[in-house]
Amino acid sequence: MCGIVGYVGRAQGSPDGAQPHGHSALDVLLEGLRRLEYRGYDSAGVAVLTDNGVESRKKAGKLSNLEAELKEHPLPESMTGIGHTRWATHGGPTDRNAHPHVVAGGSLAVIHNGIIENFAEHKAQLIADGVEFLSETDTEVAAALLAKVYETEAKGDLTKALQLTSQRLEGAFTLLAIHKDHPGVVVASRRNSPLVIGLGEGENFLGSDVSGFIDFTKRAVELEQDQVVTITPESFEITDFAGNAAEGKEFTVSWDAAAAEKDGFPSFMEKEIHDQPEAVLQTLLGRSDIEGRLTLDEMRIDPEELKKIDKIIVLACGTSAYAGHVAKYAIETWCRIPTEVELAHEFRYREPIITPTTLVVSLSQSGETMDTLMAVRYAKEQGARTMAICNTNGSTIPRESDAVLYTHAGPEIAVASTKAFLAQIVAAYLLGLYLAQLRGNKFQGEIKDILADLGKIPAKIQQILDGDSAIKELARSMKDAESVLFLGRHVGFPVALEGALKLKEIAYIHAEGFAAGELKHGPIALIEEGQPVFVVVPSPRGRDSLHSKVVSNIQEIRARGARTFVIAEEGDEAVKAYAEQVFSIPETQPLLAPLLAIVPLQIFAAELAGAKGYDVDQPRNLAKSVTVE
Ligand code: M6R
């Protein structure tokens with residue numbers, strides 16, 4: 001969950017007489033941490049190698065606190081360093097628990113992402129050896145163990161010390177270390193936690209993901225599970241934990257630094273809401289051949305196997321799970337394959353029925369969500385074919401899956417997911433249409449028509465964005481609301497759940513989403529005078545009974561004093577009489593409507609949170625990437 005960055009540049013007076021490289025370690029680390037801060041912001045810290053050994057500064061709270069500390073107590077120039085932004089697990093968010101942890105009399109500094117499950121047994125042994133601990137973290141235990149192994153078995157070989165230490169740690173970890181006797185060297189290891197190497201000219205980088213060094217290089221190498229890497233300004237060497245040499249696979253990052261900026265919007269979330277036409281477009285691009293037949297290049301499962309699939313299980317958490325719920329309606333309609341959607345953290349604790357003809361589809365923006373990763377691993381062990389729908393190239397879930405369909409939404413920085421949600425729905429729709437094509441559930445012409453309608457979605461989202469003033473005004477007027485309810489039916493139900501989640505996570509307002517038909521079975525008791533309720537209304541051009549039933553629901557709650565705000569298709573006259581305000585969305589096929597209906601609800605949440613003065617991008621208690629179970 002934490003963000004990690006490492007840097008080595010060529011030092012002045014290098015033995016080979018080479019010119020120093022232009023970056024100071026501190027500049028690189030702070031820039032990397034700024035971009036990685038979405039991963040956690042409980043504390044931030046850096047350590048650099050200087051002529052006097054390791055020097056470190058760290059501070060609880062956001063990166064700005066560390067920057068203030070560095071102004072007050074500057075660090076000397078250095079070409080080697082590590083930096084960390086923390087999402088607290090072991091030990092509260094204090095200065096003392098912040099990383100780096102400097103041990104061995106100031107010789108060694110370590111940062112860590114993940115949770116070391118067997119830290120207690122190591123800690124007990126180290127205390128028996130006479131080690132004193134200053135923090136409550138598992139990281140300090142790993143650092144002390146590394147220091148001990150370095151001095152004893154590894155006899156001053158830092159890479160070997162990290163290999164041996166990593167063998168003894170259980171759980172999830174990315175560890176980075178620098179040592180005073182190894183100038184120009186950063187060592188790192190990973191298990192169940194991400195790490196990417198960035199390759200420069202006379203300098204090299206490490207990052208939790210590529211945004212940690214995107215300002216400096218686009219050349220990157222993925223580190224595989226259970227590997228150690230040693231970087232110097234001129235080289236990187238990868239081994240497994242036993243010390244056997246390994247090859248790294250280089251790739252070029254397709255994002256540029258500008259894509260990770262706010263583009264003039266007050267928050268990343270608002271920028272990302274406005275990125276949605278492009279995110280949908282990019283996710284659709286290049287998926288069909290000249291005759292209009294879908295071709296999913298990254299689908300590495302034999303078509304003959306896919307034809308035999310008789311059950312699909314979608315695994316995901318949070319917003320991604322709601323995208324899965326939307327996808328279920330379309331996949332079952334188009335392919336006639338029974339599709340279950342399950343929260344990844346619940347999945348492996350029951351006894352799910354999985355066979356070799358089950359396709360398990362994981363949805364994850366980050367590709368690092370530990371709950372989802374563990375569920376995918378479990379499904380693989382049980383013999384399922386696994387496929388990832390993911391927004392982050394090279395992340396763990398797609399790497400460990402049999403097949404992948406990347407969404408091309410670009411980096412999503414705000415903790416509240418928006419454009420990834422839409423891109424996931426589009427990708428899952430492509431999967432559904434691909435299966436329908438393969439299995440002959442739909443005529444080619446029908447598939448072409450749906451693809452053509454999907455192609456019109458970006459312009460329709462843009463139309464909603466261009467007319468957002470009324471929903472924003474409503475949001476500002478409701479900044480003191482204590483509770484907001486959301487109702488939907490059919491594909492509108494997961495939209496209601498997602499609308500409620502957005503409001504909860506960034507505006508800290510009690511919000512619930514309900515299936516409109518469920519209202520009379522209990523939730524209607526919540527309705528009292530003035531209760532705001534958003535209702536996502538299905539198209540009047542869809543199943544007639546569905547539309548009229550939701551209109552009746554609006555009447556029922558209005559009669560009991562609710563303030564009704566309705567998301568309805570343009571030209572839907574029937575809802576007008578019962579709505580305090582109608583927010584229109586352009587016409588589309590009923591199954592594609594969630595791609596439009598969610599947009600006003602995202603805008604509503606962002607505007608309301610902003611009006612309350614909250615940090616829209618980094619809501620309290622949350623982190624972008626949840627890499628612990
Ligand atoms: O990276 P993932 O898609 O796997 O993340 C899953 C959830 O943690 C994520 O969607 C979360 O619910 C968001 N904060 C929602 O806005």
Side-chain angles (χ1 to χ4, degrees), residues 1 3 38-41 87 193-194 208-209 211 267-270 272-273 276 279 283 314-327 341-347 360-377 387-401 404-407 409-428 494-495 497-508 511 513 598-599 601-606 609 614-629:
M1 191 78 84
Y38 71 89
R39 296 180 69 90
Y41 30 87
W87 188 78
S193 180
S208 297
D209 63 45
S211 47
S267 66
F268 277 111
M269 182 177 175
E270 282 152 288
E272 286 158 11
I273 290 171
Q276 291 183 121
T283 303
V314 179
L315 298 176
C317 301
T319 289
S320 298
Y322 297 145
H325 280 285
V326 173
V341 186
E342 183 139 359
L343 290 170
H345 37 86
E346 289 293 320
F347 175 68
V360 167
V361 180
S362 62
L363 295 185
S364 176
Q365 188 287 130
S366 60
E368 299 293 348
T369 299
M370 187 56 82
D371 289 318
T372 310
L373 174 62
M374 289 304 175
V376 169
R377 285 185 183 163
M387 180 186 170
I389 291 181
C390 183
N391 196 42
T392 311
N393 212 302
S395 57
T396 309
I397 294 173
R399 279 216 314 271
E400 295 199 9
S401 300
V404 56
L405 193 51
Y406 280 114
T407 49
E412 192 179 68
I413 307 296
V415 165
S417 183
T418 53
K419 62 178 177 174
F421 176 69
L422 262 65
Q424 285 168 336
I425 295 173
V426 170
V495 172
L497 295 172
E498 172 62 3
L501 177 61
K502 289 287 87 87
L503 204 57
K504 280 182 234 192
E505 66 181 337
I506 61 169
Y508 318 146
I598 190 59
V599 180
L601 301 182
Q602 296 168 333
I603 297 168
F604 177 77
Y614 294 154
D615 185 333
V616 173
D617 291 330
Q618 297 182 338
R620 69 185 181 203
N621 304 337
L622 291 172
K624 181 67 180 163
S625 184
V626 185
T627 54
V628 290
E629 274 188 280

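One-based numbering along the sequence shown. Order of listing sets the numbers, starting from 1, for every ligand and every atom in it.
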Heavy-atom contacts with [X] under 4.0 Å: which atoms of ligand 1 show up? List them by number with element.
X: Ser366; result: 1 (O), 2 (P), 4 (O)
X: Ser417; result: 15 (C), 16 (O)
X: Ser364; result: 1 (O), 2 (P), 3 (O), 4 (O)

Below 3.5 Å, N or O to N or O, backbone or side chain included: is there any such pair between Lys624 and ligand 1? no
N/O to N/O below 3.5 Å, does that happen between Leu501 and ligand 1? no
On a heavy-atom basis, which atom in [X] and which in [Y] lie closest, and how many Å separate them?
X: Gly318; Y: Leu343; value: N-CD2, 4.5 Å
X: Ala279; Y: Lys419; value: CB-CB, 4.1 Å
X: Thr319; Y: Phe421; value: CG2-CD1, 3.4 Å
X: Ser417; Y: Glu505; value: N-OE2, 4.3 Å
X: Ala511; Y: Ala500; value: CB-O, 3.6 Å
X: Ala414; Y: Asp617; value: CB-OD1, 3.5 Å

For [atom], what is the closest protein heavy atom, and at what distance to 0.1 Å?
atom: atom 16 (O) of ligand 1; result: Glu505 OE2, 2.4 Å
atom: atom 7 (C) of ligand 1; result: Cys317 O, 3.6 Å
atom: atom 5 (O) of ligand 1; result: Thr369 OG1, 3.4 Å

Is there a heavy atom in Lys502 that sits closer than 4.0 Å to ligand 1?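 Lys502: in contact with ligand 1 (<4.0 Å).
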Closest to atom 8 (O) of ligand 1 (judged by heavy-atom distance), picking from Thr319, Val626, Ile397, Thr392: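 Going through Thr319, Val626, Ile397, Thr392 one by one, Val626 has the nearest heavy atom to atom 8 (O) of ligand 1.
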For Glu368, which part has a heavy atom under 4.0 Å from ligand 1: side chain, backbone, both, or neither? neither
Contacts of Arg377 that satisfy side-chain hydrogen bond (donor to acceptor under 3.5 Å, both in side chains) - sequence neighbours left out: Asn192, Glu400
